[in-house]
Amino acid sequence: MVGEEGAFVLGWDEVLTEEELSVTLKVLCMSEEEFKEYKEQDGWEDDSEEEENSTLSNEALSRLKSPCKKLLYDSVLLTLESYRSDLKAEQDLLNDKEAYEKLSRREQQALHVRYGQKRILHRLLELVR
């Protein structure tokens with residue numbers, strides 16, 4: 001369901017792999033009976049027109065059902081724990097001009113990427129809280 005990488009792609013305003021995340025959340029939040037029915041039907045044949053036209057924007061994420069929100073929240077926490085430092089440490093390093101200048105160009109770029117990723121993840125935490 002989540003492709004070869006086993007990850008979802010989140011942007012600042014919406015989920016970029018929305019179909020994969022939507023299907024994964026639906027399946028993981030199903031009851032055992034619902035899952036059996038899903039397997040027997042080989043998934044959903046026809047989604048409603050509303051689901052086809054909707055995107056997983058930040059607003060839509062905040063309206064998810066509680067089990068899906070909790071699943072996302074816990075997943076984000078696990079992802080954040082996989083980083084060696086937290087968001088504040090990254091921001092402090094970005095704000096410390098002297099320490100930042102001591103980093104190689106590659107380390108500076110990696111810092112910006114990590115900081116951006118963590119900001120998106122923290123925003124997602126707020127949306128699904």
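Residue numbers count from 1 along this sequence.
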Enquirer: On a heavy-atom basis, which atom in Ser22 and which in Leu56 lie closest, and how many Å separate them?
Expert: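 Shortest heavy-atom separation between Ser22 and Leu56 comes out as N-CD1, 4.0 Å.
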Enquirer: Tell me whether Glu32 at atom CD has more than 12 heavy atoms from other residues, nucleotides or ligands lying less than 6.0 Å away.
Expert: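 For Glu32, atom CD is not crowded (no more than 12 foreign heavy atoms under 6.0 Å).
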Enquirer: Name each donor-acceptor pair under 3.5 Å that joins a side chain in residues 110-123 to protein atoms two or more places apart or in another chain, with its distance.
Expert:
residue, atom, partner, partner atom, Å
His112, NE2, Tyr100, OH, 2.8
Arg114, NE, Glu90, OE2, 2.9
Arg114, NH2, Glu90, OE1, 3.2
Gln117, OE1, Tyr83, OH, 2.8
Lys118, NZ, Ser85, O, 2.6
Lys118, NZ, Ser85, OG, 3.2
Lys118, NZ, Glu90, OE2, 2.6

Enquirer: Below 4.5 Å, heavy atoms only, C-beta onward: do Leu103 and Leu93 meet side chain to side chain?
Expert: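 In short, these two side chains touch, coming nearer than 4.5 Å.
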Enquirer: Can you tell me how far the CG atom of Leu21 sits from the CG atom of Leu72, to the nearest 0.5 Å?
Expert: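 The CG atom of Leu72 is 5.5 Å from CG of Leu21, to the nearest 0.5 Å.
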Enquirer: Any chance you could measure Leu71, atom CG, to Ser66, atom OG, to the nearest 0.5 Å?
Expert: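 OG of Ser66 is found 12.5 Å from CG of Leu71.
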Enquirer: Looking at Lys36 and Glu40, is any side-chain nitrogen of the basic one under 4.0 Å from a carboxylate oxygen of the acidic one?
Expert: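 Salt bridge absent between Glu40 and Lys36.
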Enquirer: At what distance, to the nearest 0.5 angstrom, does CG of Leu78 lie from OH of Tyr73?
Expert: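 It is 11.5 Å, given to the nearest 0.5 Å.
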Enquirer: How long is the straight-line distance from CD of Glu34 back to NZ of Lys26, given to the nearest 0.5 Å?
Expert: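 Going from the NZ atom of Lys26 to the CD atom of Glu34 covers 11.5 Å.
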Enquirer: Can you list the residues that meet the side-chain hydrogen bond (donor to acceptor under 3.5 Å, both in side chains) rule with Glu19, with sequence neighbours excluded?
Expert: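 For Glu19 there are no side-chain hydrogen bond (donor to acceptor under 3.5 Å, both in side chains) partners, ignoring immediate neighbours.
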Enquirer: Could you measure the distance from the CE atom of Met30 to the CG atom of Leu25? Nearest 0.5 Å is fine.
Expert: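 Between Met30 CE and Leu25 CG, I get 11.0 Å after rounding to 0.5 Å.
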Enquirer: Other than Val9, what residues sit in its cluster of Ile, Leu, Val, Met, Phe, Trp and Tyr side chains whose heavy atoms are under 4.5 Å apart, directly or through others?
Expert: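 Noted: Val9 shares its cluster with Leu16.
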Enquirer: Would you please test Val23 and Tyr38 for side-chain contact (heavy atoms from CB on, under 4.5 Å) and show each step?
Expert: CA-CA 11 Å; Val23 171; Tyr38 173 80; 4.0 Å; yes
Enquirer: How long is the straight-line distance from CG of Leu64 back to CG of Leu127, given to the nearest 0.5 Å?
Expert: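 Here the interatomic distance stands at 9.5 Å.
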Enquirer: Has Glu59 got more than 12 heavy atoms of other residues, nucleotides or ligands less than 6.0 Å from its CD?
Expert: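 12 or below, so no.
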Enquirer: So, the side chain of Asp96 versus the backbone of Asp92: is there a donor-acceptor pair under 3.5 Å, distance only?
Expert: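 Looks like no, no N/O pair under 3.5 Å.
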Enquirer: Is there side-chain contact between Gln41 and Glu37, with heavy atoms separated by less than 4.5 Å?
Expert: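 Sidechains of Glu37 and Gln41: in contact.
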Enquirer: Would you say the side-chain atoms of Glu107 pair up with the backbone N or O of Ser104, donor to acceptor, closer than 3.5 Å?
Expert: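 Judged by distance alone, yes, a pair lies under 3.5 Å.
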